[in-house]
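Everything on this sheet refers to the single structure shown next.
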Amino acid sequence: QVQLVESGGGLVQAGSSVTLYCTASGRSFSSYSMGWFRQASGKEREFVAVIDWSGGSTDYALSVKGRFTISRDNAANTVYLQMNSLKPEETAVYHCAARYPGSRLARSDADYAYWGQGTQVTVSS
């Protein structure tokens, strides 16, 4: 029903910024809340940020509050994750995910039905 493709990852220096992109197929993008998760090597997948269907409500993991910004452009079927002041420990594969209903904000990956393939972000020290 929904296909998600992430892009924008790469190798960056600690303290720098990068923007990740998640583009969805279909015409129902605005029906879903969209989340970002990451999984570092040897660690569990963790919640990063989520945005509701309208972009009016967001939630962030405590570790990224004040540094990361999630946003969306429903006309472009795209959700963004602006990441500032990156730390080496934030090296991970970053995934976007979609959840219905779009009015709900969820932190658990089990609540998301659709996932992208992920994009690697490597932060060098």
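In this chain, residues are counted from 1 in sequence order.
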Any link between [X] and [Y] through a network of hydrophobic side chains (Ile, Leu, Val, Met, Phe, Trp, Tyr) touching at under 4.5 Å?
X	Y	value
V48	V50	no
Y21	Y114	no
W36	F68	yes

message = The test is side chain to side chain contact (heavy atoms under 4.5 Å, CB included); show your working for E44 and Q39 and say whether it passes.
response = CA-CA 6 Å; E44 297 289 327; Q39 187 168 24; 5.5 Å; no
key: Aromatic W115 / basic R45 pairing, under 6.0 angstrom, 45° off normal   = yes
request  = Test C22 against Y80 for side chain to side chain contact (heavy atoms under 4.5 Å, CB included), laying out the working first.
outcome  = CA-CA 6 Å; C22 176; Y80 311 88; over 6 Å; no
Can you measure from [atom1] ([X]) to [atom2] ([Y]) and round to the nearest 0.5 angstrom?
X	Y	atom1	atom2	answer
T19	L81	OG1	CG	8.0 Å
T69	N84	OG1	CG	6.5 Å
T78	F29	OG1	CZ	6.5 Å
Y60	F47	OH	CZ	9.0 Å
Q120	R38	CD	CZ	12.0 Å
R99	D111	CZ	CG	4.5 Å

ask   = Under the 3.5 angstrom rule, does the side chain of S33 hit a backbone N or O of L105 as a donor-acceptor pair?
value = no
task = Could you tell me whether the side chain of T119 and the main chain of G9 form a donor-acceptor pair under 3.5 Å?
result = yes
Work out which heavy atom in [X] is nearest to a heavy atom in [Y]; give both atom names and the distance.
X	Y	value
S17	S85	OG-N, 4.1 Å
A76	T23	O-CG2, 4.5 Å
S71	V79	O-CG2, 3.1 Å
A14	P88	CB-CD, 4.0 Å
D59	R107	OD2-NE, 2.7 Å

request  = Report, as yes or no, whether the 6.0 Å neighbourhood of atom CD on Q117 holds more than 12 heavy atoms from other residues, nucleotides or ligands.
outcome  = yes
ask   = Counting only heavy atoms not in Y100, do more than 12 fall under 6.0 Å of its OH?
value = no
Salt-bridge criterion met for R67 and E90 (N-O under 4.0 Å) = yes
message = Between the side chains of D52 and R104, is the shortest nitrogen-to-carboxylate-oxygen separation below 4.0 Å, so that they form an ion pair?
response = no
message = Can you confirm if the aromatic rings of F37 and Y112 lie within a centre distance of less than 6.0 Å?
response = yes
ask   = Could you walk me through whether M34 and L4 pass the side chain to side chain contact (heavy atoms under 4.5 Å, CB included) check?
value = CA-CA 10 Å; M34 297 294 299; L4 308 173; 3.9 Å; yes
task = Go through the steps for V121 and L20 under the test side chain to side chain contact (heavy atoms under 4.5 Å, CB included), then give the verdict.
result = CA-CA 9 Å; V121 175; L20 303 182; 3.8 Å; yes
